[in-house]
Amino acid sequence: MERLTQAMVGGAVALALAACTQHHAFEPYKGYKMAPYTVRGNHFVPMGIDAALRYDQCGVASHYEADGDRGAIGQRLYKDQMYAAHRTLPLPCMVRITNLSNGRSVVARVADRGPYIAGRLIDVSSLVAKQLGFHGKGLENVRVQVLSVGDGPYRRTAQGN
């Protein structure tokens, strides 16, 4: 009877963990993705970890929906998650994005590549755009600051964060 109870508890825990990772939890990624890549004839070389940890840039943000699609590191991205896409930051990383028009700030996970439209710094999920207050507007001037790069034992943080 004790073995049956242990098996049932173990099974329930496994099901609960699986349910969490299927939709809302971020899937872990071992290491960093920094390999150069080419999109539409344009070659991109992601920056190194040390440079990324000092990254603090202002530019134009746009939003996109990749509901259920896989990002550049294979993680499923959903419109109700706090994620973003950047052309050259190492993946994954956590960034603070601040709307320069209203001062709202959020933290999002960069787990995808893009945007590939000239003049745009970062693409964000619909949820990020809503929380920053520009979902209906489409584009906004933002500040992007890297807080950390990597997950788990690979995670490195920027000084002061």
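- A donor-acceptor pair under 3.5 Å is formed between the side chain of His63 and the backbone N or O of His135.
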Side chain to side chain contact (heavy atoms under 4.5 Å, CB included) between Val95 and Val110: does it pass, once the steps are laid out? CA-CA 7 Å; Val95 296; Val110 179; 3.8 Å; yes
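- Here the options are Asp123, Asp112, Asp69, the test is side-chain hydrogen bond (donor to acceptor under 3.5 Å, both in side chains), and the partner is Tyr64; only Asp112 passes.
- Looking at Val39 and Phe44, their side chains come closer than 4.5 Å, going by heavy atoms from C-beta outward.
- Side-chain atoms of Pro36 and His43, non-hydrogen and from C-beta on, do get closer than 4.5 Å to each other.
- Separation of atoms CG (Leu132) and OG (Ser105) is listed at 7.5 Å; rounding is to 0.5 Å.
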Before you tell me yes or no, could you show the steps for Tyr83 and Val128 under side chain to side chain contact (heavy atoms under 4.5 Å, CB included), namely the whole-Å CA-CA distance, both residues' side-chain angles and the distance that decides it to 0.1 Å? CA-CA 7 Å; Tyr83 66 84; Val128 171; over 6 Å; no
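- Here the side chains of Thr88 and Val45 are not in contact, with every heavy-atom distance at 4.5 Å or above.
- Under the 4.5 Å side-chain criterion, counting only non-hydrogen atoms from C-beta, Arg70 is not in contact with Gln75.
- The distance from atom SG of Cys58 to atom CD of Gln145, rounded to the nearest 0.5 Å, is 8.0 Å.
- There is a path of hydrophobic side-chain contacts, each under 4.5 Å, that joins Tyr154 to Ile49.
- Residues Cys93 and Arg109 fail the side-chain proximity criterion, which asks for heavy atoms closer than 4.5 Å.
- In this structure, Lys33 contributes its side chain and Pro90 its backbone to no donor-acceptor pair below 3.5 Å.
- In this structure a side-chain-to-backbone donor-acceptor pair under 3.5 Å is missing from Asn141 to Leu100.
- Residues satisfying the side chain to side chain contact (heavy atoms under 4.5 Å, CB included) criterion with Leu127, sequence neighbours excluded, are Met82, Ser125, Gln131.
- Side chains of Arg143 and Asp56 form a contact here, defined as non-hydrogen atoms less than 4.5 Å apart.
- For Arg113, there are no salt bridge (charged side-chain N to carboxylate O under 4.0 Å, His left out) partners two or more places apart in sequence or in a different chain.
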Decide yes or no on side chain to side chain donor-acceptor pair (under 3.5 Å) for Thr157 and Ser148, but give the supporting numbers first. CA-CA 4 Å; Thr157 59; Ser148 68; over 6 Å; no
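- A distance of 11.0 Å separates CZ of Arg104 from CZ of Phe134, quoted to the nearest 0.5 Å.
- Note that CD1 of Ile73 and CG of Asp151 are 6.5 Å apart. Values are rounded to the nearest 0.5 Å.
- Pairing each heavy atom of Asp50 with each of Arg54, the nearest pair is O-NH1, 3.2 Å.
- By the 4.5 Å heavy-atom criterion applied to side chains, Val146 and Leu89 are counted as neighbours.
- If you take CZ on Arg120 and CZ on Arg87, they are separated by 10.0 Å, rounding to the nearest 0.5 Å.
- Heavy atoms only, all atoms of each residue included: Leu91 and Ala72 are closest at CD1-CB, 3.6 Å.
- The shortest distance between side-chain heavy atoms of Leu53 and Val149 falls below 4.5 Å.
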